[in-house]
Visitor: 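A single structure is presented below for examination.
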Protein chains: 4
Amino acid sequence: MFQINTGSAEPIYRQLMDQLRRRVAAGQWVAGQELPSVRDLALQLAVHPMTISKAYSLLELEGLLERRRGLPMVIAAGHARPAAARDRLESLRPALARAAAEARELDIPKAQALRLFERLLDAPDTGAL
Amino acid sequence: MFQINTGSAEPIYRQLMDQLRRRVAAGQWVAGQELPSVRDLALQLAVHPMTISKAYSLLELEGLLERRRGLPMVIAAGHARPAAARDRLESLRPALARAAAEARELDIPKAQALRLFERLLDAPDTGAL
Amino acid sequence: MFQINTGSAEPIYRQLMDQLRRRVAAGQWVAGQELPSVRDLALQLAVHPMTISKAYSLLELEGLLERRRGLPMVIAAGHARPAAARDRLESLRPALARAAAEARELDIPKAQALRLFERLLDAPDTGAL
Amino acid sequence: MFQINTGSAEPIYRQLMDQLRRRVAAGQWVAGQELPSVRDLALQLAVHPMTISKAYSLLELEGLLERRRGLPMVIAAGHARPAAARDRLESLRPALARAAAEARELDIPKAQALRLFERLLDAPDTGAL
DNA sequence: GTGGTCTAGACCACG
DNA sequence: GTGGTCTAGACCACC
């Protein structure tokens, strides 16, 4: 359901938030859909419940989630439809800009960088060079 | 000489280390070349000298830099030649893998993602969509 | 818990690292065991917290310690058992080689040097000649 | 004539001073004997002349050396005879005390430590375990 | 001139 | 509570 990397430098709650945001934008999660409870998700990911709670609360502040007393949280109404294609593309920009900056510093030919990216878009992670 | 982003979540000393590593790999800095002194670089980047010193020391531990008592640090011998093209490309992989994962979660068409990356490779940062 | 000599030429953080390394090798500290917190140890040794932190961080880089976000650091797994006897003896060699070199330069008879060493092995520090 | 290890943590001028002191104590260098000039020794050891000069000056302050205008420095009179055996042994103590402390922290059996020391006293450096 | 170490103390991020 | 980062500034050692 969620892919958490405990060893990463990126904080866990942020990994959660980012994934949830992107999946809502992509329409994988739709308005009204119930989220797993804090405790369940904490157990499943082997993470402290407070960490889950922090992610949920921040997303509630953002308006992406809605809290209903005594009931599981849900994706907020108003997020019924996935984000427009150009907004989604825009939210991909920072990661790509960073990769581009690294490629430039490494003096990697444009064609090579593009080819590697294309391969990674096809094959999730394992693709050898 | 170095591009530091004070506001970034990535610590300054780490930004320095990454840039230096990449530029040595690209052959922009060659073995035996003297680095700017801790104090000079600190002044230039408007950063505390200890921050620079930390980056230098860690790179020395890694074997990328060499300390010579009383003299400026230098790029270590054994890093005379830039890294092989495939090693450089390999070190670009993590950043691209991350972008690819995000693109997949956002359900962005491959062609769009590739086009954006291509544009960012050409135009450092500003290119509008 | 740790013996720090503030007056020594050897930096405090390095004294800490050396002691911890040796005690893990000797099996006095075992894998998974929690280290005293940076702040506690700093108070106890009357030293600045950053000094402790530096020692801990470098040992983490070495792989001897493991960081767990929000929790005290622990001896890394993979250091469950104390080092083999011959490795421990090997790590004693530099100090003894140095002493031997000095003895030779001082033209001290072998028997005398050995007797002094034996006495120091028994009586930690105070034994008069 | 002198063994200098540029890579060591111990400063060069101190390595020089220690060696000279020990050799005078052992009677290898006797009162009135001329020392190599600062420049010659600097060339020979590939070291900055100021480093040699610093060692000589400090030893002059100690009274071990004597400066004579326009002439090479010499071992001071009053150091005609080597130091008494017990003084020489005493000056070996710090190095041995340190080794003993390490042996204790490493939990190395006394007999093993002694055997290693004995071997190192015989075979300068190379002796395998 | 060079880098190294340490302190005092602030602020942040994570759990 | 945990550790991490940074600043301001002192002092040292080496060359």
Side-chain angles (χ1 to χ4, degrees), chain A residues 6 8-16 42 45-55 58, chain B residues 4 6-16 34-42 45-60 65-74, chain C residues 4 6-16 34-42 45-60 65-74, chain D residues 6 8-16 42 45-55 58:
Chain A
T6 319
S8 153
E10 194 179 11
I12 297 170
Y13 82 93
R14 199 164 274 283
Q15 294 180 44
L16 271 177
L45 300 178
V47 150
H48 198 286
M50 199 195 299
T51 308
I52 310 290
S53 176
K54 180 169 186 174
L58 287 172
Chain B
I4 291 306
T6 318
S8 155
E10 194 179 12
I12 296 170
Y13 80 92
R14 208 165 268 285
Q15 294 180 43
L16 271 176
E34 291 192 353
L35 292 155
S37 86
V38 167
R39 292 163 172 81
D40 280 358
L41 192 50
L45 299 179
V47 147
H48 194 274
M50 199 187 254
T51 305
I52 310 290
S53 179
K54 182 171 185 176
Y56 280 9
S57 300
L58 289 173
L59 288 173
E60 192 215 352
L65 302 186
E66 263 174 26
R67 199 197 335 246
R68 304 169 304 167
R69 283 192 286 211
L71 296 173
M73 299 190 83
V74 296
Chain C
I4 291 306
T6 317
S8 155
E10 195 180 12
I12 296 170
Y13 79 92
R14 208 164 267 287
Q15 294 180 44
L16 271 176
E34 290 192 354
L35 293 155
S37 86
V38 167
R39 292 164 171 81
D40 281 357
L41 192 51
L45 300 178
V47 147
H48 194 276
M50 200 187 254
T51 305
I52 310 289
S53 179
K54 182 171 186 175
Y56 280 9
S57 300
L58 289 173
L59 288 173
E60 192 216 351
L65 302 186
E66 263 174 24
R67 199 199 332 248
R68 303 170 305 166
R69 284 192 285 208
L71 297 172
M73 299 190 83
V74 296
Chain D
T6 319
S8 153
E10 194 178 11
I12 296 169
Y13 80 93
R14 198 164 275 282
Q15 294 180 44
L16 271 177
L45 300 178
V47 150
H48 197 287
M50 199 195 301
T51 306
I52 310 290
S53 178
K54 179 170 187 175
L58 287 171

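Quick note: numbers below take in every heavy atom, side chains included, and nothing from hydrogens, waters or symmetry partners. What you see is a predicted model; the values in this text were computed from it and never measured. Below, chain A is the first sequence line, B the second, and so on; all start at residue 1.
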Visitor: For the pair made of CG in B/L41 and P in E/dT2, what is the distance, rounded to whole Å?
Guide: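 Value for this atom pair: 12 Å.
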Visitor: Distance check, rounded to the nearest 0.5 Å: C/L45 atom CG versus C/I52 atom CD1?
Guide: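 Reported value, rounded in 0.5 Å steps: 5.0 Å.
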Visitor: If you assign each of C/S37 and B/T6 to its closest nucleotide in DNA chain F, which residue comes earlier from the 5' end?
Guide: C/S37
Visitor: Within the 4.0 Å heavy-atom criterion, would you say B/V47 contacts the bases, only the backbone, or no part of the nucleic acid?
Guide: sugar-phosphate
Visitor: Please report, rounded to the nearest Å, how far the P atom of F/dG1 is from the CG atom of C/L35.
Guide: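 For the pair C/L35 CG and F/dG1 P, the rounded distance is 19 Å.
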Visitor: Rounding to a whole Å, what distance do you find between C/L65:CG and F/dG3:C1'?
Guide: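 The distance from CG of C/L65 to C1' of F/dG3 comes to 13 Å, rounded to the nearest Å.
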Visitor: I need a per-nucleotide contact map over nucleotides 9-15 of chain F, read 5' to 3'. Cutoff is protein heavy atoms under 4.0 Å; write B for the base, S for backbone only, - otherwise.
Guide: B----BS
Visitor: Taking D/S53 for its side chain and D/P49 for its backbone only, find out whether a donor-acceptor pair lies under 3.5 Å.
Guide: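 Side chain of D/S53 to backbone of D/P49: no pair is present.
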Visitor: What is the separation between atom CG on A/L45 and atom P on E/dC14, rounded to the nearest whole Å?
Guide: 17 Å
Visitor: Could you go through B/L58 and C/L58, starting from their C-alpha distance and side-chain angles, then the distance that decides it, and tell me whether this counts as side-chain contact (heavy atoms from CB on, under 4.5 Å)?
Guide: CA-CA 9 Å; B/L58 289 173; C/L58 289 173; 4.3 Å; yes
Visitor: Taking atom P of E/dG1 as reference, at what distance in whole Å does atom CZ of B/R68 sit?
Guide: 17 Å
Visitor: Please tabulate, for side-chain N and O atoms in residues 6-14 of chain B, each donor-acceptor pair with protein atoms closer than 3.5 Å (sequence neighbours left out).
Guide:
residue, atom, partner, partner atom, Å
B/S8, OG, B/E10, N, 2.8

Visitor: What's the CE-P distance between C/M73 and F/dG1, to the nearest Å?
Guide: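 That distance rounds to 19 Å.
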Visitor: Please enumerate all residues that pass side chain to side chain contact (heavy atoms under 4.5 Å, CB included) together with C/V74, with sequence neighbours excluded.
Guide: C/E34, C/E66, C/R68
Visitor: Given side-chain contact (heavy atoms from CB on, under 4.5 Å), test C/K54 with C/T51 step by step and report yes or no.
Guide: CA-CA 5 Å; C/K54 182 171 186 175; C/T51 305; 5.8 Å; no
Visitor: Looking only at non-hydrogen atoms, find the nearest pair between C/L35 and C/P72 and report the distance.
Guide: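 Scanning both residues, the minimum pair turns out to be O-CB, 4.0 Å.
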Visitor: Please report the shortest heavy-atom distance between C/M73 and C/L65, naming the atom on each side.
Guide: CE-CB, 4.2 Å
Visitor: With heavy-atom distances below 4.5 Å as the criterion, would you say the side chains of C/Y56 and C/P36 are in contact?
Guide: yes
Visitor: Show me the dot-bracket string of DNA chain F, counting Watson-Crick or G-U pairs under 3.5 Å, with | for pairs to another strand and [ ] for crossing ones.
Guide: ||||||||||||||.
